[in-house]
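A quick write-up on the structure given underneath.
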Amino acid sequence: MAAPGKPTKKEIKKQTPAKTSFTSPFASKWSPLPQEDMHFILKTLKDKLISMGLEKKEVKVFRPWRKKKGKKPDVAPQPVPQVSDSSKNGWTDVAARQQLAIGINEVTKALERNELRLLLVCKSVKPKHTTNHLIALSTTRGVPACQVPRLSQSVSEPLGLKSVLALGFRRCSSSDDGVFTDTVDAIKPRVPTLDMAWLQGAKPEEPVAMEEEEGGERRGQKRKLESESEEVSESPSCTLQPLQVKRIVANPAKKKRGKPKKKL
């Protein structure tokens with residue numbers, strides 16, 4: 001029989017270790033988009049994709065069912081149609097697809113490498129915190145970004161995809177090579193600015209300049225570090241939320257070491 005004061009082994013296993021957690025003093029939110037601008041952005045994107053014919057086509061290959069051994073087929077099997085190399089590639093225009101970043105993961109990587117010039121995020125993303133990190137990334141890179149309602153419903157159908165939670169437009173070496181240059185220039189003035197108090201004094205990162213050498217190879221020019229002698233600009237005053245501690249619990253799994261016994 002176990003003592004009434006001590007918990008049993010089963011009760012100890014059921015207990016989940018509690019961890020300390022703090023509430024963040026910063027709150028990042030998307031700026032609201034007016035309804036007129038929302039309709040304009042959705043219409044501009046849909047018309048552009050339909051006129052280009054950019055779509056992902058899935059080629060379905062017929063695979064006959066395997067039949068049991070011993071039974072002879074009554075009908076001769078039909079030859080399987082061969083798929084050409086051009087149809088294996090799902091996108092109708094590969095060059096135009098490379099100028100887009102589709103999906104949260106692809107958009108995040110492109111923002112980290114500073115490759116985007118415009119970012120649109122669907123408002124119906126669940127859970128909502130999956131796109132909160134894009135606010136700080138786009139602000140530090142100087143990329144216009146906003147949350148557009150019904151973006152996935154309007155864009156996924158012309159592209160031939162199930163859903164489009166985030167859509168980014170990549171930078172191009174020249175304006176002539178950019179297929180979506182006119183679309184980006186039309187949408188940019190209607191994108192609201194992101195309000196982040198603790199990043200107002202930060203300067204956005206500039207894209208890496210590419211220089212052609214005599215041999216024809218291109219090399220990325222390294223960013224020069226700012227000297228320590230430069231004066232630090234004063235950051236604007238911003239109100240922070242009070243820091244609250246939810247709960248502090250000692251770690252029950254931690255074993256206390258007693259004093260070593262002296263040998264006689």
Evaluate Arg190 against Cys146 for side-chain contact (heavy atoms from CB on, under 4.5 Å), listing each step before the verdict.
CA-CA 10 Å; Arg190 297 180 179 265; Cys146 68; over 6 Å; no
Evaluate the side-chain proximity of Asp93 to Val179: yes if any heavy-atom separation is below 4.5 Å, no if none is.
no
In this structure, NZ of Lys46 is separated from OG of Ser51 (nearest 0.5 Å) by 13.0 Å
In short, Arg170 meets Ala110 closest at the heavy-atom pair NH1-CB, 3.7 Å
How many angstroms lie between SG in Cys122 and CG in Leu165, if you round to the nearest 0.5 Å?
6.0 Å
Less than 4.5 Å apart, any side-chain heavy atom of His39 and any of Arg150?
yes
Determine, stepwise, if the pair Val148 / Leu167 fulfils side-chain contact (heavy atoms from CB on, under 4.5 Å).
CA-CA 10 Å; Val148 184; Leu167 181 64; over 6 Å; no
Answer whether the closest heavy-atom distance between the side chains of Leu151 and Lys123 falls below 4.5 Å.
no
Short question: side chain of Thr92, backbone of Glu55 - any donor-acceptor pair under 3.5 Å?
yes
Please report the closest heavy-atom contact between Pro192 and Leu33, naming both atoms and the distance.
CD-CD1, 3.6 Å
In the structure I gave you, are the side-chain heavy atoms of Lys48 and Asp182 within less than 4.5 Å of one another anywhere?
yes
For the atom pair OG1 (Thr108) and CD (Glu106), what is the distance rounded to the nearest 0.5 Å?
10.0 Å
State the CD1-OG1 distance between Ile41 and Thr183, to the nearest 0.5 angstrom.
11.5 Å
Find the distance between OG1 (Thr44) and CG (Asp47) and round it off to the nearest 0.5 Å.
7.0 Å
Taking side chain as C-beta onward, heavy atoms only, is Leu49 less than 4.5 Å from Phe180?
yes
Between CG on residue Asn132 and NZ on residue Lys29, distance to nearest 0.5 Å:
10.5 Å
Just by modelled atom types, is the Leu116 backbone N or O under 3.5 Å from a matching donor or acceptor in the Arg171 side chain?
yes
Within a strict 4.5 Å, meaning less than it, do heavy atoms of the Gln35 and Met38 side chains meet?
yes
Checking Arg97 against Ile102 for the side-chain contact (heavy atoms from CB on, under 4.5 Å) test, could you report, in this order, the C-alpha distance in whole Å, the side-chain angles of both residues, the deciding distance, and whether it holds?
CA-CA 9 Å; Arg97 171 62 181 90; Ile102 303 174; 3.8 Å; yes
Any idea which heavy atoms bring Val191 and Ala145 closest together, and the distance?
CG1-O, 3.6 Å
Under 4.5 Å between side-chain heavy atoms, hopping through other hydrophobics if needed: is there a path connecting Ile50 to Val184?
no
With heavy-atom distances below 4.5 Å as the criterion, would you say the side chains of Ile104 and His133 are in contact?
yes
Quick one: does any side-chain atom of Ser31 pair with a main-chain N or O of Thr193 as donor and acceptor, under 3.5 Å?
yes
Trace of the side-chain contact (heavy atoms from CB on, under 4.5 Å) decision for Phe169 with Thr181
CA-CA 9 Å; Phe169 298 87; Thr181 303; over 6 Å; no
For residues Val107 and Gly168, report the shortest heavy-atom separation together with the two atoms involved.
CG2-N, 4.0 Å
Close side-chain approach of Leu137 and Leu119, heavy atoms under 4.5 Å:
no
Asn105, CG: over 12 other non-hydrogen atoms inside 6.0 angstrom:
no
